[in-house]
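Reading through the structure tokens given below for one structure.
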Amino acid sequence: MEIHYIRKLMTSHMVIEQMELPSEWEMQMIAHASLENVLFADCICEDGRSDLWYDITGKQALDVLLEDRKLGYDLLCRILMGIYDGVEGVESILLRAESLLLMPESIFLDYERNQIYLCYCPGNVLAINEVFLQLMEYLLTKLNHDDERAVELAYGIYGQAEKSGWSLREIKSMVCLSYQAEEMSEEVAETQESEVTIGIEKENLQVSREEPAEEGWQKYLTRLKEALHERIPRSIRDIFGKRHTFGKKQKEKEQKEKERFVFEPEPEEREHYSRPTVLLAELTRAPEGVLRYEGEGACTNLAITGEEYLIGSDRTCAGYIPSQTVSRRHAKITRVDDIYFVEDLNSSNGTYVGGELLNYKTKISLHKNEVVIFADEKFRFI
């Protein structure tokens, strides 16, 4: 299956060469389908061939998304539930689940809607169980192994997918059980905390009933002080417990140090130190890899650091651009030796290099003094 990407002014498309023409009945079902998380293609005939055009504007492919981040529990659950919802959706309108593409490059995430999207490809006849198993093998390589919940769920589902005769409903049940276990653990923690609070309150009431009010109150304060004393770290207790003698002991220590050591000036030795010659041009040379801002907004220059430099309106991006027209993850610059490459991350308003609008997943090298525009924010590479 050959996939390429075409960017127009305001839209971005994934284009797949048509493998098999859909039947008339299937075309009618697709034309009237309105599934929230399934992308249906427009069939466009050009030069004697028909291609499927998927509108992926503002969406991020899974393989690109996991290039610079590890797969955690929340995203894993979102992907698995998105696959289940997609399969259930196409089957509800009598379409084949095998026509859903479960490849990392054909599964998309929309940040704005927080939604997973699958692509429906008429003519695709691969068994969905086999394709799902291949997808799980890929996800295991991207897994964040420090996330215990993600590791437990991913390997559990992979083991289930290896068995014959399994269904996606079992996968959904495993995800739901994982969520329920998490919620139950939180409820147990809250219940235990409330039981401790109630126990303390009951104990306080019992003390106030059996003893005089003043004496019971003093015992309560004593117990509270002891409890706090056990909870406060030892280092903090030591600092605050000795604060009245800290200054005095510090002065005594300094005085003893002065009496113990006597510093005598050593005779100065005249040595000749050579001063290497340094070119002034080397000291004043501008740093390499800078995007100088030439727009009219509130942006600043961007100094490109590291081998991968993410640009976007999300504050977590190394190249933060505070503009509403710039996507959260707008573009990425990659450095290979002394060459810088820029690629658009399927942003909403596009990336221009030297006046050329970049297609999705297309890297282009940057040259000195070249103009780079992210949406409507203009920079110059120096």
Side-chain angles (χ1 to χ4, degrees), residues 37 59-87 100-111 113-119 126-164 166-190 305-312 314-320 328-329 331-336 343 345-346 361:
N37 67 326
K59 300 174 179 62
Q60 193 70 264
L62 188 60
D63 59 340
V64 176
L65 183 66
L66 296 178
E67 279 184 357
D68 55 358
R69 64 181 287 187
K70 291 294 185 181
L71 178 62
Y73 178 77
D74 292 333
L75 181 56
L76 175 62
C77 291
R78 206 180 312 163
I79 294 170
L80 296 172
M81 293 304 295
I83 293 174
Y84 174 80
D85 292 338
V87 171
L100 289 173
L101 301 178
L102 299 185
M103 303 178 296
E105 59 268 28
S106 62
I107 298 176
F108 292 89
L109 171 66
D110 189 328
Y111 278 105
R113 299 183 179 181
N114 200 22
Q115 177 74 51
I116 293 290
Y117 288 89
L118 306 179
C119 296
L126 296 177
I128 191 169
N129 287 20
E130 296 179 3
V131 178
F132 180 79
L133 183 60
Q134 295 175 4
L135 175 64
M136 288 304 305
E137 291 175 351
Y138 167 80
L139 294 179
L140 290 179
T141 64
K142 300 296 183 179
L143 199 62
N144 180 10
H145 285 81
D146 293 332
D147 190 335
E148 296 180 358
R149 295 180 303 167
V151 170
E152 181 180 358
L153 179 60
Y155 280 93
I157 289 179
Y158 177 74
Q160 187 69 20
E162 284 185 313
K163 301 177 182 179
S164 59
W166 65 275
S167 65
L168 283 174
R169 292 188 179 276
E170 299 175 12
I171 303 300
K172 179 183 178 182
S173 299
M174 294 179 69
V175 176
C176 292
L177 287 174
S178 178
Y179 269 124
Q180 290 175 3
E182 181 184 5
E183 292 175 357
M184 288 179 63
S185 62
E186 293 178 355
E187 291 178 359
V188 169
E190 293 177 357
T305 56
E307 296 182 354
E308 291 188 350
Y309 187 78
L310 194 62
I311 297 173
D314 193 321
R315 291 184 178 272
T316 60
C317 293
Y320 169 60
R328 292 177 56 187
R329 293 165 55 94
K332 182 171 66 174
I333 294 180
T334 306
R335 179 177 179 177
V336 180
E343 62 177 309
L345 297 180
N346 208 24
K361 291 190 177 182

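Keep in mind that the numbers below use all heavy atoms, side chains included, and drop hydrogens, waters and symmetry copies.
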Just how far is it from atom OH of Tyr309 to atom NZ of Lys332, taken to the nearest 0.5 Å? 14.5 Å

Show the nearest heavy-atom pair for residues Cys317 and Arg328, with the distance to one decimal. SG-O, 3.4 Å

Does Gln60 form a side-chain contact (heavy atoms from CB on, under 4.5 Å) with Leu345? I'd like the steps, not just the answer. CA-CA 7 Å; Gln60 193 70 264; Leu345 297 180; 3.5 Å; yes

CD of Glu162: more than 12 outside heavy atoms within 6.0 angstrom? yes

dist Ser173:OG -> Tyr84:OH (nearest 0.5 Å) comes out at 8.0 Å

Lys361/Asp63 ion pair, N-O < 4.0 Å: yes

Positive for side-chain contact (heavy atoms from CB on, under 4.5 Å) with Phe132, one of Val87, Ile83, Leu100: Ile83

Side-chain donor-acceptor pair present, Asn114, Arg78, cut-off under 3.5 Å: yes

side-chain contact (heavy atoms from CB on, under 4.5 Å) evaluation trace for Ile79 with Leu75: CA-CA 6 Å; Ile79 294 170; Leu75 181 56; 4.0 Å; yes

Shortest non-hydrogen separation from Ala331 to Leu310 and the atoms involved: O-CD1, 3.6 Å

Does any non-hydrogen side-chain atom of Asn129 lie less than 4.5 Å from one of Trp166? yes

Measuring only between side-chain heavy atoms, which start at C-beta, is Leu71 closer than 4.5 Å to Asp147? no

Please tell me if the side chains of Leu80 and Leu168 come closer than 4.5 Å, counting only heavy atoms from C-beta onward. no

Could you report the tightest heavy-atom contact between Leu133 and Ala161, atom names first, then the distance? CD1-CB, 3.9 Å

Restricting to non-hydrogen atoms, name the atom on Tyr320 and the atom on Asp314 that form the minimum distance, rounded to 0.1 Å. CD1-O, 3.6 Å

Looking at Ile157 and Met174, what are the two nearest heavy atoms and their distance? N-CE, 3.7 Å

side-chain contact (heavy atoms from CB on, under 4.5 Å) for Val175 and Met81? Distances and angles first, verdict last. CA-CA 8 Å; Val175 176; Met81 293 304 295; 3.9 Å; yes

From Leu62 atom CG to Leu139 atom CG, the distance as rounded to the nearest 0.5 Å: 6.0 Å

If the condition is side-chain contact (heavy atoms from CB on, under 4.5 Å), which residues does Tyr117 pass it with, not counting sequence neighbours? Leu39, Lys59, Phe108, Asp110, Arg113, Gln115

Audit row: Ile116, Asn37, side-chain contact (heavy atoms from CB on, under 4.5 Å) steps and yes/no: CA-CA 6 Å; Ile116 293 290; Asn37 67 326; 5.9 Å; no

Reported CG-to-CE distance for the pair Leu118 and Met103, which is rounded to 0.5 angstrom: 11.0 Å

Pair listing, side-chain hydrogen bond (donor to acceptor under 3.5 Å, both in side chains) test, anchored in residues 134-146, at least two apart: Glu137-Tyr158, His145-Tyr155

Answer yes or no: is there an ion pair linking Arg335 with Glu308, defined by an N-O contact shorter than 4.0 Å? no

Count the heavy atoms belonging to other residues, nucleotides or ligands that lie under 6.0 Å from CD of Glu170, then report whether that count exceeds 12. yes

Mark yes or no for whether Ser106, through its side chain, and Leu101, through its backbone, hold a donor-acceptor pair below 3.5 Å. yes

